[in-house]
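Here the structure comes first, spelled out in structure tokens, and everything after it is commentary.
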Amino acid sequence: MPTIAQILQTAPIPRNETRLLLQHITGYTASQLITRDREPLPKDQADQLHRLIARRSAGEPIAYLIGTREFYGRAFVVSPAVLIPRPETEHLLEAALQRLPENGVLWDLGTGSGIIAVSAKCERPDARVFASDISAEALAVAQQNAAAWCAPVSFAQGAWFAANQVFRLPQHSVHIIASNPPYIEADDPHLQQGDLRYEPPAALTDFADGLAHIRHIAQHAPAYLRRHGWLLLEHGYDQGQAVRDILARFGFCQIETQQDWAGLDRVTLGRVEAA
């Protein structure tokens with residue numbers, strides 16, 4: 001049987017991806033792969049690795065193959081029912097944490113795998129955190145992550161603010177509404193490229209101009225936000241001006257767009273003056 005070192009040298013996918021698959025199959029840490037690289041891989045594990053490499057070579061995302069992806073220093077369970085967490089979304093989380101007052105209320109709209117809600121609760125145990133999604137399958141993943149990180153988040157199924165039929169949050173009771181909604185235009189060629197081909201389409205695009213859900217959220221959020229509460233929206237690199245215009249149309253003030261590490265527009269936020 002080939003050794004771990006031989007596998008790393010000959011696998012037809014990038015070495016870092018092979019390492020992740022080996023860690024997933026063997027249970028070894030990255031350090032253990034180095035110290036045990038002369039050990040042969042048992043046949044059952046070698047067969048499993050061969051199957052995973054074939055799937056990866058066909059384009060299937062590593063995160064779905066191993067079932068986890070790191071976000072804000074924590075490992076989150078993922079599945080094809082949810083988007084794969086991306087580092088850019090950490091900007092949305094940090095913007096929310098910076099504006100969340102002590103014992104504040106945060107509502108994560110369209111929570112997906114729960115990365116915003118669970119991370120916020122872990123970082124701010126004093127906060128009351130609510131998370132909703134239209135997809136029951138996505139909510140199951142989010143609840144699994146909340147349980148894994150001992151994060152008591154309140155979950156509900158529903159399209160955007162319809163989930164409040166479960167939460168029954170009073171009007172003007174939320175300090176922060178944060179959302180990473182589907183914002184890719186229906187005809188964007190990126191939907192047919194890379195990992196996006198395998199992610200749930202309804203979590204990527206509104207099947208329109210990419211701004212339909214953002215308009216809906218901006219229109220209805222003021223009814224739920226407290227005075228001086230914040231709406232924070234992640235969006236595409238070329239949508240900053242459009243999202244600022246939408247927030248202005250629905251009465252938000254102190255509107256600004258924040259850039260990601262690449263210097264691209266990524267998060268636009270606005271504040272309500274009155275409740």
Side-chain angles (χ1 to χ4, degrees), residues 61 63-64 69 71 76 78-93 95-96 106-120 130-142 145 155-164 176-221 224 231-247 249-250 252 257-258 260 264-270:
Y64 290 160
R69 173 59 63 89
F71 180 83
F76 282 82
V78 295
S79 80
V82 299
L83 292 183
I84 298 167
R86 289 167 170 81
E88 292 82 3
T89 303
E90 293 187 1
H91 294 285
L92 177 64
L93 172 64
L106 183 150
W107 187 351
D108 176 22
L109 280 172
T111 192
S113 61
I115 55 173
I116 294 295
V118 173
S119 297
F130 297 82
S132 57
D133 203 287
I134 193 172
S135 166
E137 293 80 8
L139 279 177
V141 174
N145 283 316
F155 291 98
Q157 184 179 0
W160 306 126
F161 297 101
N164 200 43
I176 303 287
I177 293 175
S179 184
N180 178 16
Y183 56 72
I184 301 177
E185 293 182 49
D187 59 355
D188 192 314
H190 291 95
L191 291 170
Q192 306 305 321
Q193 300 171 10
D195 288 352
L196 299 188
R197 294 172 295 164
Y198 292 84
E199 296 181 89
L204 292 167
T205 178
D206 59 5
F207 304 101
D209 66 351
L211 297 168
H213 293 309
I214 288 173
R215 292 189 195 94
H216 178 87
I217 294 168
Q219 178 180 358
H220 296 281
Y224 297 89
L231 172 63
L232 291 78
L233 295 163
E234 181 173 338
H235 53 73
Y237 73 94
D238 58 350
Q239 294 175 321
Q241 184 62 60
V243 178
R244 290 194 296 274
D245 291 344
I246 290 169
L247 292 191
R249 186 190 318 162
F250 291 109
F252 288 86
T257 297
Q258 299 182 350
D260 59 23
L264 301 173
D265 286 356
R266 188 58 58 193
V267 174
T268 293
L269 48 96

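Just so you know, residue 1 is the first one in the sequence shown, and it goes up from there.
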Within the structure provided, determine whether Q239 and D265 are in side-chain contact (heavy-atom separation under 4.5 Å). no
Using the ring centroid of each side chain, check whether H220 and W160 are separated by less than 6.0 Å. no
Can you sort out the partners of S135 under side-chain contact (heavy atoms from CB on, under 4.5 Å), two or more places apart, ordered by chain and number? D133, E137, A138
For residues I116 and T89, determine if any side-chain heavy atom of one lies less than 4.5 Å from a side-chain heavy atom of the other. yes
I84 backbone acceptor or donor facing D195 side chain under 3.5 Å: no
Can you list everything that forms a side-chain contact (heavy atoms from CB on, under 4.5 Å) with Q157? Sequence neighbours excluded, please. A136, L139
Contacts of type side-chain contact (heavy atoms from CB on, under 4.5 Å), residue A142, not counting sequence neighbours: T111, F155
For D245, check side-chain hydrogen bond (donor to acceptor under 3.5 Å, both in side chains) against everything at least two apart and list the hits. Q241
Heavy-atom closest pair, residues D108 and A117: OD2-N, 3.4 Å
My understanding is that only residues two or more places apart in sequence, or in another chain, count here; which of them pass side-chain hydrogen bond (donor to acceptor under 3.5 Å, both in side chains) with D260? R266
CA sep, side-chain torsions, deciding dist, call: V141, V78, side chain to side chain contact (heavy atoms under 4.5 Å, CB included): CA-CA 7 Å; V141 174; V78 295; 5.6 Å; no
Can you name the ring-ring contact (aromatic ring centres under 6.0 Å, His included) partners of F161, sequence neighbours left out? W107, Y224
Which atom pairs, donor and acceptor, lie under 3.5 Å between side-chain atoms of residues 181-192 and protein residues at least two apart or in another chain?
from: D188; atom 1: OD1; to: H190; atom 2: N; distance (Å): 2.8
from: D188; atom 1: OD1; to: H190; atom 2: ND1; distance (Å): 2.6

Sequence neighbours excluded, which residues qualify as side-chain hydrogen bond (donor to acceptor under 3.5 Å, both in side chains) partners of R197? none
Give me the atom names and distance for the closest heavy-atom approach of I134 to A159. CD1-CB, 3.8 Å
What residues, two or more places apart in sequence or in another chain, satisfy salt bridge (charged side-chain N to carboxylate O under 4.0 Å, His left out) together with R215? D209
Greater than 12 external heavy atoms within 6.0 Å of L204's CG: yes
Could you tell me whether E199 and R86 have a side-chain N and a carboxylate O separated by less than 4.0 Å? yes
Who pairs with T205 by side-chain hydrogen bond (donor to acceptor under 3.5 Å, both in side chains), at least two apart in sequence or on another chain? none
Contacts of E90 that satisfy side-chain contact (heavy atoms from CB on, under 4.5 Å) - sequence neighbours left out: F71, Y72, W261
Surrounding OH of Y237 (heavy atoms of other residues, nucleotides or ligands, distance under 6.0 Å), is the total greater than 12? no
Do the side chain of S179 and the main chain of L109 share a donor and acceptor less than 3.5 angstrom apart? yes
Identify the heavy atoms of F252 and A221 that sit nearest to each other, and give their distance. CZ-CB, 4.3 Å
Shortest non-hydrogen contact between A203 and L83, atoms and distance: O-CD1, 3.5 Å
Heavy-atom closest pair, residues G240 and T268: O-OG1, 4.1 Å
Tell me, do F250 and Q219 make a side-chain contact under 4.5 Å, heavy atoms counted? yes
Name the one of V243, T257, V267, I246 that satisfies side-chain contact (heavy atoms from CB on, under 4.5 Å) with L233? V243
Would you say that S113 contacts P85 through its side chain, given a criterion of any heavy-atom pair below 4.5 Å between the two side chains? yes
Let me confirm one number: the CG-NE2 distance from L269 to H91, rounded to the nearest 0.5 Å. 13.0 Å
